[in-house]
Each structure stands twice: as C-alpha cells, then as structure tokens.
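Take a look at the structure set out below.
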Amino acid sequence: MAFHGMRANQNPINVEINLNLDENLGLIPLNGEDFSRVILNLIKNAFDAMRDKISMVGSDYKAKLEIRTKNLANRVLVEVEDNGPGVPEEIRDKLLIPFFYHEKKGLKALD
C-alpha cells in the first residue's frame, strides 16, 4: 500500500525494495490493524526521507528499502532500513512518543 501510494504521488521515486523475511515465524498474536499502521507509517516515512535525499544529492542516488524479520524464540524482530538522510538529531528522542508529528519532516510515531 505504501509503495503504490508513493508511486501515485505527484513526485514518485524509484526504490529498490528487498525483503529478507524469516520463513520460520509461524503465527504471531498481535493486533493486525495496529501493526499494519505502524509498518505502513515506517515505510511512508522512509519513502519521504529518500525523496528528500534525492532532492539534496541528485539523481545519482539510488533509493533502497530493506525489511527484515527474524525469529528470536519468544520474540520477533522486525527491521525497516532505508538509505535516506537519517532522522534529524533534534527529534530522535521524540520518535517513540505516540502521535508525535514533526511539521518540517512529517515524521510520525504511533502507539
């Protein structure tokens, strides 16, 4: 959904997407709607950041997004990594505050 939304945007970018998903996860008890919202927002933020980086450095930059999952016995690790410019230092401590919104960057964290 995030990819198609970004591609339908007035300023779409090309992104190499790599999925490295653990096939041994099995079923995980969670609230699917909340989990989907969090992942969707992480990916949207990554696309926005990579679009910003293209504006800064030009078309030689190749946007990349990787999503990894890993079974850690009694937990699951989910990693979303992009090669954008990174989160500005002045807002890093606020990223996990529920409903935080940064006007300039539009970065959000949901609970």
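Heavy atoms only: backbone and side chains are in, while hydrogens, waters and symmetry mates are out. Residue numbers start at 1 and run along the sequence shown.
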- Message: Taking N83's backbone N and O only, do any of them form a donor-acceptor pair with Y61's side chain (distance below 3.5 Å, no angle check)?
- Response: yes

- Hey, could you give me the CG/CG distance between L21 and N71, rounded to the nearest 0.5 Å? 13.0 Å

- CG-CE distance between N45 and M50, expressed to the nearest 0.5 angstrom: 10.5 Å

- Query: Mind checking whether D82 and F47 have side chains closer than 4.5 Å, heavy atoms only?
  - Reply: no

- Query: If only atom types and distance count, is the side chain of K70 paired as donor or acceptor with the main-chain N or O of V76 below 3.5 Å?
  - Reply: no

- Item | Carboxylate-amine/guanidinium proximity below 4.0 Å for E16 and K62 | no

- Query: Is R51 close to N11 at the side-chain level, that is, under 4.5 Å between some pair of heavy atoms?
  - Reply: yes

- Which value, rounded to the nearest 0.5 Å, describes the distance between T69 atom OG1 and N24 atom CG? 9.5 Å

- Closest non-hydrogen contact found for A49 with P85 is O-CD, 3.1 Å

- Message: If I take atom CG from residue N18 and atom CD from residue E81, how far apart are they, to the nearest 0.5 angstrom?
- Response: 10.0 Å

- Can you find a heavy atom in the side chain of I67 that is under 4.5 Å from one in the side chain of N20? no

- Linked, directly or transitively: L65 and L19 (ILVMFWY side chains, under 4.5 Å): yes

- Item | R68 (side chain) donor-acceptor with V78 (main chain) under 3.5 angstrom | no

- Are I13 and M56 joined in one hydrophobic group, where the rule is that I, L, V, M, F, W and Y side chains link up if heavy atoms are under 4.5 Å apart? yes

- Message: Applying a strict under-4.5 Å side-chain criterion to I, L, V, M, F, W and Y, I'd like to know whether L30 and L77 cluster together.
- Response: no

- Task: Check E90 against K94 and note the closest heavy-atom contact, atom names and distance.
- Result: O-NZ, 3.9 Å

- Query: Using 4.0 Å as the upper bound for N to carboxylate O, is an ion pair formed by E66 and K64?
  - Reply: no

